[in-house]
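Worksheet: the structure to be examined is printed underneath.
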Amino acid sequence: MRTSQFPLQTLKENPADAEISSHQLMLRAGLIRKLAAGLYTWLPLGVRVLKKVEAIVREEMDRSGALEVLMPAVQPAELWQESGRWEEYGPELLRLKDRHQREFCFGPTHEEIITELARNELQSYKQLPINFYQIQTKFRDEIRPRFGVMRSREFLMKDAYSFNIDQASLQATYNLMHTTYSRIFSRCGLTFRAVQADSGAIGGSASHEFHVMAESGEDIIAFSTKGDYAANVEKAEALASVPEAPPGKESMKMVDTPDARTIQQLVDQFDHPVEQTVKTLIVAAGEEEEANFIALLVRGDHDLNEVKAQSLPQVASPLRFATDEEIMETIGAGPGSLGPVNLPIPCIADRTVAVTADFSAGANIDGKHYFGINWGRDVPLQEIADLRNVIEGDPSPDGSGTLQIARGIEVGHIFQLGKKYSDAMNATVLDENGRAQTMTMGCYGIGVSRVVAAAIEQSHDAKGVIWPASIAPFQVALLPMKMSRSQRVREAAEALYEQLTSRGIEVLLDDRDVRPGFMFADMELIGIPHRIVLGERSLDEGKVEYRARTQSENSMIELERIGDFLQDALSQGTS
RNA sequence: CGGGGUGUGGCGCAGCCUGGUAGCGCGCUUCGUUCGGGACGAAGAAGUCGGAGGUUCGAAUCCUCUCAUCCCGACCA
């Protein structure tokens with residue numbers, strides 16, 4: 001490709017509304033342009049990258065035996081009503097009506113559609129297992145789209161859905177997808193980690209997310225310093241900080257704390273270690289509970305994990321915090337003075353709270369706290385559960401090492417769905433006994449457009465993008481110096497361009513009549529992995545200048561050898 | 001949904017407080033001089049000042065409404 005025929009829509013200045021580097025660079029390098037909030041046009045350069053990622057995904061999915069389909073982006077409401085999600089799904093679902101006032105949505109995901117397909121097309125266990133996938137545009141009406149294509153409303157996704165006769169078969173497909181995803185992200189040149197994820201209210205036994213490690217990631221993941229354990233903080237199991245409670249030394253006493261309404265104020269005003277404070281959160285109770293509300297206790301410096309809390313049967317799902325009025329009415333004290341002692345509603349203590357001695361908590365009387373509370377002696381320990389987010393330094397749940405915390409960008413998610421959709425939509429096949437069996441399902445997603453942003457987030461410098469070779473829009477930038485005035489340079493450039501192109505290398509020949517610095521800056525901004533400079537000087541010696549995007553020095557290479565040299569570099573996947 | 005910010009040629013911004021009929025940088029077009037790290041000079045094209053209404057002799061500027069967009073927050077006592 002020649003720059004004279006390929007628009008490089010680069011910008012020198014940073015667009016005002018781009019926050020993170022990948023978003024800024026995607027705009028500056030001319031990969032994308034914003035149309036409206038969360039909606040982006042991919043320019044020719046960006047499309048080349050997108051297609052590279054798509055090709056890798058497709059190759060590896062095909063290799064795994066999955067079969068490509070293409071489903072409609074617009075989906076009839078009836079199927080969503082059948083699965084129950086027409087009501088469950090919130091405002092994220094973009095609902096539409098056609099000219100006959102029939103209801104549709106723009107698909108944020110395709111479980112209903114694929115299940116409808118499967119129940120019609122699959123009749124026998126002999127057709128299983130089967131895994132369908134597509135690469136297609138999704139729309140989710142995000143509360144707050146941000147960071148360019150990282151969290152946009154419309155985005156390109158690879159989604160796959162497997163149908164299996166039983167759990168063992170599903171597990172096998174799931175494992176196969178796990179290795180397939182690892183191959184895909186490795187081939188994309190990403191540093192990533194598979195982590196255990198919350199399987200959510202949808203049910204299902206297992207779920208892993210694939211995260212690209214990056215400071216700007218929106219997810220927080222915890223992993224063991226020694227073992228293999230890695231999990232999304234939403235999911236990571238929080239063990240008690242110590243195996244058992246130390247013996248209590250203090251006796252319980254009530255203290256006037258008129259100005260301590262938060263844990264921080266309590267700690268500051270009474271010189272009290274935050275590890276010996278307990279906060280009491282009042283939430284709506286689950287349906288089986290007699291009380292309307294239930295109290296959750298976590299240590300003062302810990303955060304409640306809402307996903308864990310609402311998965312408890314005693315707690316209403318979705319989680320709902322009591323209002324100040326409800327708290328006043330139920331307990332007789334305001335939110336700043338709550339605690340387990342003399343509490344008129346049931347309460348669940350986090351594991352760490354259960355092993356804390358001599359702790360302080362509200363007295364359920366406004367402006368008063370108890371200090372030196374001990375379980376058993378002062379208040380019975382009713383129930384213990386894992387309620388909190390892990391923090392750095394917690395013991396790792398696999399028993400080896402402690403937990404570290406890092407940020408990640410979720411680029412893939414694999415999920416054992418089980419029978420949620422197949423049950424609701426009656427997707428069965430006949431088993432070997434001729435009996436109808438509900439199929440069990442898995443689903444497997446990759447955010448293709450997000451992968452592009454994640455790759456940049458992970459690999460860039462002050463000058464621009466540094467593409468992993470496998471997804472770079474071009475592999476080699478060929479920059480002739482003064483081509484418009486030097487017949488020799490022009491001829492050498494054309495010859496080398498022909499040679500490299502015929503070797504199957506994707507070359508971008510910069511045949512614009514611009515100054516060298518301009519070319520260098522553009523090529524570095526758009527992140528082409530290999531750069532060849534052709535000039536009178538080096539041609540005198542029969543050489544060209546080579547520089548990898550990751551390097552800061554040129555090396556001189558014989559003109560005759562450069563083709564082989566590049567081919568070697570590319571086949572090694574080095575950049 | 002709550003709070004805050006911003007809307008002025010393609011992009012980045014000034015002008016607004018104190019009303020007088022729009023300007024700078026980048027980019028773009030043409031010509032000339034340049035030519036190995038984002039050149040210089042000259043000439044040019046390009047803006048319903050987000051939209052509607054109002055105040056005024058006169059509104060980018062003041063007032064009201066509205067739309068768009070970005071950031072922060074969305075119950076952790």
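Every chain is numbered from 1, with letters handed out A, B, ... down the list of sequences. Because the structure is predicted, anything quoted here is derived from the model rather than measured.
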Among [options], which nucleotide sits nearest the side chain of [X]?
{"X": "A:Phe518", "options": "B:C35, B:C75, B:G38", "answer": "B:G38"}
{"X": "A:Arg28", "options": "B:G38, B:C76, B:G36", "answer": "B:G38"}
{"X": "A:Lys482", "options": "B:C26, B:C35, B:G38", "answer": "B:C35"}
{"X": "A:Ala16", "options": "B:C13, B:C76, B:G38", "answer": "B:C13"}
{"X": "A:Ala37", "options": "B:G37, B:U69, B:U34", "answer": "B:U69"}

Find the distance [X]:[atom1] to [N]:[atom2] and express it as a whole number of Å.
{"X": "A:Asp540", "N": "B:G36", "atom1": "CG", "atom2": "C1'", "answer": "14 Å"}
{"X": "A:Arg512", "N": "B:C28", "atom1": "CZ", "atom2": "C1'", "answer": "15 Å"}
{"X": "A:Leu35", "N": "B:G10", "atom1": "CG", "atom2": "P", "answer": "16 Å"}
{"X": "A:Glu524", "N": "B:G38", "atom1": "CD", "atom2": "P", "answer": "12 Å"}
{"X": "A:Asp513", "N": "B:U34", "atom1": "CG", "atom2": "P", "answer": "14 Å"}
{"X": "A:Leu39", "N": "B:U69", "atom1": "CG", "atom2": "C1'", "answer": "13 Å"}
{"X": "A:Phe293", "N": "B:C76", "atom1": "CZ", "atom2": "P", "answer": "15 Å"}
{"X": "A:Leu25", "N": "B:C11", "atom1": "CG", "atom2": "C1'", "answer": "16 Å"}

Over all strands shown, is [X] touching base, sugar-phosphate only, or nothing at heavy-atom distances under 4.0 angstrom?
{"X": "A:Pro335", "result": "base"}
{"X": "A:Ile282", "result": "base"}
{"X": "A:Ser337", "result": "nothing"}
{"X": "A:Leu11", "result": "nothing"}
{"X": "A:Gly336", "result": "sugar-phosphate"}
{"X": "A:Arg547", "result": "base"}
{"X": "A:Arg531", "result": "base"}
{"X": "A:Asp522", "result": "base"}
{"X": "A:Asp303", "result": "base"}
{"X": "A:Glu19", "result": "sugar-phosphate"}
{"X": "A:Leu479", "result": "nothing"}

ask   = Is the CD atom of A:Glu87 crowded by more than 12 outside heavy atoms at less than 6.0 Å?
value =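 More than 12 heavy atoms, drawn from other residues, nucleotides or ligands, come within 6.0 Å of this atom.
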
inquiry  = Tell me if the CD atom of A:Glu541 is crowded by more than 12 foreign heavy atoms within 6.0 Å.
reply    =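 Above 12, so yes.
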
Who does [N] pair with, Watson-Crick or G-U, both distances under 3.5 Å?
{"N": "B:U6", "value": "B:A68"}
{"N": "B:U18", "value": "none"}
{"N": "B:C13", "value": "B:G23"}
{"N": "B:C49", "value": "none"}
{"N": "B:C31", "value": "B:G41"}
{"N": "B:U55", "value": "none"}

Regarding [N], can its base be found pairing with the side chain of [X] as donor and acceptor, where the two atoms are less than 3.5 Å apart?
{"X": "A:Glu13", "N": "B:G27", "result": "no"}
{"X": "A:Arg146", "N": "B:C71", "result": "no"}
{"X": "A:Glu536", "N": "B:G36", "result": "no"}

query = So which one's nearest nucleotide on RNA chain B is more toward 5', A:Leu304 or A:Pro15?
reply =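 The residue closer to the strand's 5' end, by nearest nucleotide, is A:Pro15.
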
remark   = Assert: residue with more 5' nearest nucleotide on RNA chain B, out of A:Ser538 and A:Ile143, is A:Ser538

Taking the [atom1] atom of each, how far is [N] from [M], in whole Å?
{"N": "B:U30", "M": "B:A46", "atom1": "P", "result": "16 Å"}
{"N": "B:C67", "M": "B:C49", "atom1": "C1'", "result": "16 Å"}
{"N": "B:G7", "M": "B:C17", "atom1": "P", "result": "14 Å"}
{"N": "B:C16", "M": "B:G73", "atom1": "C1'", "result": "30 Å"}
{"N": "B:A59", "M": "B:G12", "atom1": "C1'", "result": "26 Å"}
{"N": "B:G44", "M": "B:A52", "atom1": "C1'", "result": "36 Å"}
{"N": "B:G23", "M": "B:U48", "atom1": "P", "result": "14 Å"}
{"N": "B:A14", "M": "B:U8", "atom1": "P", "result": "11 Å"}

Side-chain N,O ([X]) to OP1/OP2 ([N]) below 4.0 Å:
{"X": "A:Lys463", "N": "B:G37", "value": "no"}
{"X": "A:Lys12", "N": "B:C11", "value": "no"}
{"X": "A:Arg515", "N": "B:G38", "value": "no"}

inquiry  = Are A:His369 and A:Phe270, when compared by the centres of their aromatic rings, separated by less than 6.0 Å?
reply    =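 No: the rings miss the under 6.0 Å criterion.
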
Centroid-centroid distance, A:Trp467 to A:Phe474, less than 6.0 Å =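 Not under 6.0 Å, so no.
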
message = Before you tell me yes or no, could you show the steps for A:Val315 and A:Leu296 under side chain to side chain contact (heavy atoms under 4.5 Å, CB included), namely the whole-Å CA-CA distance, both residues' side-chain angles and the distance that decides it to 0.1 Å?
response = CA-CA 9 Å; A:Val315 174; A:Leu296 306 176; 4.2 Å; yes

Donor-acceptor under 3.5 Å (A:Asp386 side chain, A:Arg351 main chain) = no

ask   = Is there a donor-acceptor contact under 3.5 Å from the side chain of A:Glu234 to the main chain of A:Ala197?
value = no

ask   = Do A:Leu479 and A:Pro516 have side-chain heavy atoms sitting under 4.5 Å apart?
value = no

key: pair A:Ile526-A:Val465: side-chain heavy atoms closer than 4.5 Å   =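 In short, these two side chains do not touch, never coming nearer than 4.5 Å.
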
